[in-house]
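Remarks on the structure that follows.
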There are 2 protein chains.
Amino acid sequence: MPMPLPTPPPGRQTQAIIEHIAHGTATSRSELARVLGVAPSTVALRINELTELGVVVEDGTGVSRGGRKPRVLRLREDGGHIMVADLGGHHARIGRFTLTGSLVETRSLPVRVEEGPEPTLRTIADAMKAMAAASGGPAGIKGVGLALPGPVDVATGDVKLPSRMPDWPGFGVRAWLEREFGAVAVVDNDANLSALGEHHAQLGPDQHSITVKAGTAIGSGIIVRGELYRGATGAAGDVTHTRVAAAGDEPCSCGNTGCLETIASGAGLVRQLARQGVAVESTADVLDLVHKADPIATTMLRTAGTYLGEVLSSVVNFFNPDCLFLTGGMASSELFIAAVRSRVYEGCHPLVTQNLRIEAARTGPDAGLHGAARLVLDQILGQSRPAGH
Amino acid sequence: MPMPLPTPPPGRQTQAIIEHIAHGTATSRSELARVLGVAPSTVALRINELTELGVVVEDGTGVSRGGRKPRVLRLREDGGHIMVADLGGHHARIGRFTLTGSLVETRSLPVRVEEGPEPTLRTIADAMKAMAAASGGPAGIKGVGLALPGPVDVATGDVKLPSRMPDWPGFGVRAWLEREFGAVAVVDNDANLSALGEHHAQLGPDQHSITVKAGTAIGSGIIVRGELYRGATGAAGDVTHTRVAAAGDEPCSCGNTGCLETIASGAGLVRQLARQGVAVESTADVLDLVHKADPIATTMLRTAGTYLGEVLSSVVNFFNPDCLFLTGGMASSELFIAAVRSRVYEGCHPLVTQNLRIEAARTGPDAGLHGAARLVLDQILGQSRPAGH
DNA sequence: AGAAGTTAGTTCGAGAATCGAAATAACTTG
DNA sequence: CAAGTTATTTCGATTCTCGAACTAACTTCT
């Protein structure tokens, strides 16, 4: 039986080393060798590469464990910037990451996607460059990541359906960014990137999770074995157009009737409230009302959570994830999360719920930024991501 | 940027070679090198290993393409047996595969799982040994695979829930088989193995599929990137306990009410027909009635397909597979499949259905056997499976 | 028929990446 | 300060692959 051990890809180990140093799970060469189960000599090679690359530096010595002191390794935080943005309907969230993958600063700015890609991207790019310049680091922008609201063709970085973003389809967003920055660029759907970011903030590379972004729209991202799952046509994670009995004949933007989004999305809530004579214009308005304990809005939000939970319970039964994360505006309400949680626990098989966690995303509004940075770093440093913690 | 090409695991290539020879996609060393995009010398090495292992032999020469004739390679079909079984409630299907992965013969025999693991496994093992002995090949049984109806702990090979199989949980099926045969043994859920078998009979290693086994019970298996996806607790693929409005308050074995299985499974149909005074005892009886064009049974089967389609449409929307396969007794009715298909196409987003195929499994009742054999061969020959066709 | 060209397959050395053992370095402890 | 311990580097040995050169076996053209 010719069965030589399948040599792990080198990029992968490099990334694992960075993570261990970042998390403090292993801070010296020998510790890394032990944790990774790899020969000390191999670690030494990788560390040499990383120091030459300017990502890792030695930082004095640690405490002895009875023999020679370990030479403590530390990540250099000034090797360059990864600039990322999460684009919403009315504003964009911009973030700056170090090459070692930590989020340094964020900023929100108003944008209007309906003006088309050129002006929107111009605004974002300028803000990114300003932020990078202001940070004063000697090195420049090594990579750019962008999260877009809606289905994205990852190859070109384009929005796939005309939908709410006129002029965007076919523009070639990824190419535009690469030209503009002269650096690696990555574009993906916002729910996908949020899922990727949140997953790796909480779970390991052998686990599975679903992250639902519930705001004005509802989208979700799927992580299988620590990697983004996009499905056959890149449309995986659609929960918003699942039929819900309670939605009746309410028409949906997709052409069908009775979709979840008509009654459980922020946009749906706005419409429902308006019908009852409550003056609201945006999802934020609705959440404000709930914050002020408005009984109608509160009931409605809770009900929306129950409907979402109904849809998610069948998805969770099927997919059996380790964790279900909720993010987006509506997930900021504990009430909403509680409603989802109770409905999912009620509707799922015990074998599926026994270890299931249902929680608000810890990375909150930065989830998408983290995911985008991760994809960019994957491109820069190697391929698939490392063994966790 | 230290980015050496991630050397593909050697087992993988070996398997790819076998598949190409088996499918006739490449029958000589040079052709293999071309198709696999690998150096001729490397192919020569692999072929040498395989001939020494007794899996491949040379079989004369082929036609010249203007120069030296290629030496045609062929798989040896007498290198040993892989014996597999798919265990149902009342009968087991047994199959014999060659080491090269092709199914040679099958046989069904009655068993009674409710008598417990020891007698059931005894019956199956004896039948396997008899079949292998009768085939007269010089070599023995190199591996054994078993598909069980119900959730399985893959490590031990045990059924997880008491459910319909008393005395089975905690028995250690895998260990029993390995002791009995002195060979590699693999045990998994029947829907999982059917999914694996059907997927690789039709799709490639970078595609995704769902296979639903609709018979007396309803189960499903999920294939992500050509590999079996089991979920966090090994319970992934549960669609049977999804709530369906039409099921009303019908109590289910899981303790909840309104589960799909109460109105769409074979068992559910039997119960519903019995209530209407139609004398049926098994799923087979129901299908017989449909075959005889019994109006009540036919309508009921079609309705069951619609309900299954309703549940699957939300699953398909979420998972966005390349293909949805249907297997099990009820999938033998084209009526049933048509009902599922139309409901899914109706309820799913166009982005998801544009390339989606919904079909009866081509491997039919042998799907589970193929999947089991594949898992066993993975264990014997290497790890993950090869690049297709 | 024989030379020229083409295709098939093997041999052999270089290169990449790992590991393990031994050497070296730097401590702690008795 | 010697003995034991832990950290790190050095240096083959190993395991894979590839590519180039070489041999083998044809077809075809003249």
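Within every chain, numbering begins at 1; the chains are lettered A, B, ... in the order of the sequence lines, protein sequences first and strands thereafter. In this text, all values refer to a predicted model and were calculated from it rather than measured experimentally.
- By the ring-ring contact (aromatic ring centres under 6.0 Å, His included) test, B:Tyr229 is found to be paired with A:His208, A:Phe319, residues two or more places apart in sequence or in another chain being considered.
- Per the geometry, CZ belonging to A:Arg34 stands 9 Å off P belonging to D:dT6, to the nearest Å.
- Of the possible polar contacts, one joining the A:Ser28 side chain to the A:Glu31 backbone as a donor-acceptor pair under 3.5 Å is found.
- Taking the side chain as every heavy atom from C-beta outward, A:His199 and A:Thr211 never approach each other to under 4.5 Å.
- Taking atom CZ of B:Arg46 as the reference point, atom P of C:dG9 lies 17 Å away to the nearest angstrom.
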Just the table, please: protein N/O against nucleotides 28-30 of chain C N/O, every pair under 3.5 Å.
none

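- Counting to the nearest Å, the P atom of D:dT5 and the CD atom of A:Glu31 are 20 Å from each other.
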Walk me through it: do B:Arg374 and B:Glu19 pass the test salt bridge (Lys or Arg N to Asp or Glu O under 4.0 Å)? CA-CA 12 Å; B:Arg374 174 163 279 262; B:Glu19 293 232 326; 3.0 Å; yes
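- When the side-chain nitrogen and oxygen atoms of A:Thr42 are compared with OP1 and OP2 of C:dT18, none of them lie within a distance under 4.0 Å.
- Atoms CG (A:Leu45) and P (C:dC19) sit 10 Å apart, rounded to a whole Å.
- Classification of B:Arg46 and B:Glu49 as a salt-bridged pair holds, one side-chain N sitting under 4.0 Å from a carboxylate O.
- For the pair A:Glu198/A:His370, no side-chain contact is recorded, criterion being any heavy-atom separation below 4.5 Å from C-beta on.
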Got a list of protein N/O to nucleotides 10-15 of chain C N/O distances below 3.5 Å?
from: C:dT10; atom 1: OP2; to: B:Arg29; atom 2: NE; distance (Å): 3.3

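- The phosphate of D:dT8 has OP1 or OP2 within less than 4.0 Å of a side-chain N or O from A:Ser30.
- B:Thr61 comes within 4.0 angstrom of no nucleic acid atom, judged by non-hydrogen atoms across all strands.
- Among the atoms of the strands shown, only primed sugar atoms or phosphate atoms (P, OP1, OP2) are found under 4.0 Å from some heavy atom of A:Val38.
- Between B:Glu49 atom CD and D:dT15 atom C1' the separation is 12 Å, expressed in whole Å.
- No side-chain heavy atom of B:Asn355 sits under 4.5 Å from any side-chain heavy atom of B:Asp322.
- Using a 4.5 Å heavy-atom cutoff, the side chains of A:Asn192 and A:Val154 are not in contact.
- The shortest side-chain heavy-atom distance between B:Glu58 and B:Leu73 falls under the 4.5 Å cut-off.
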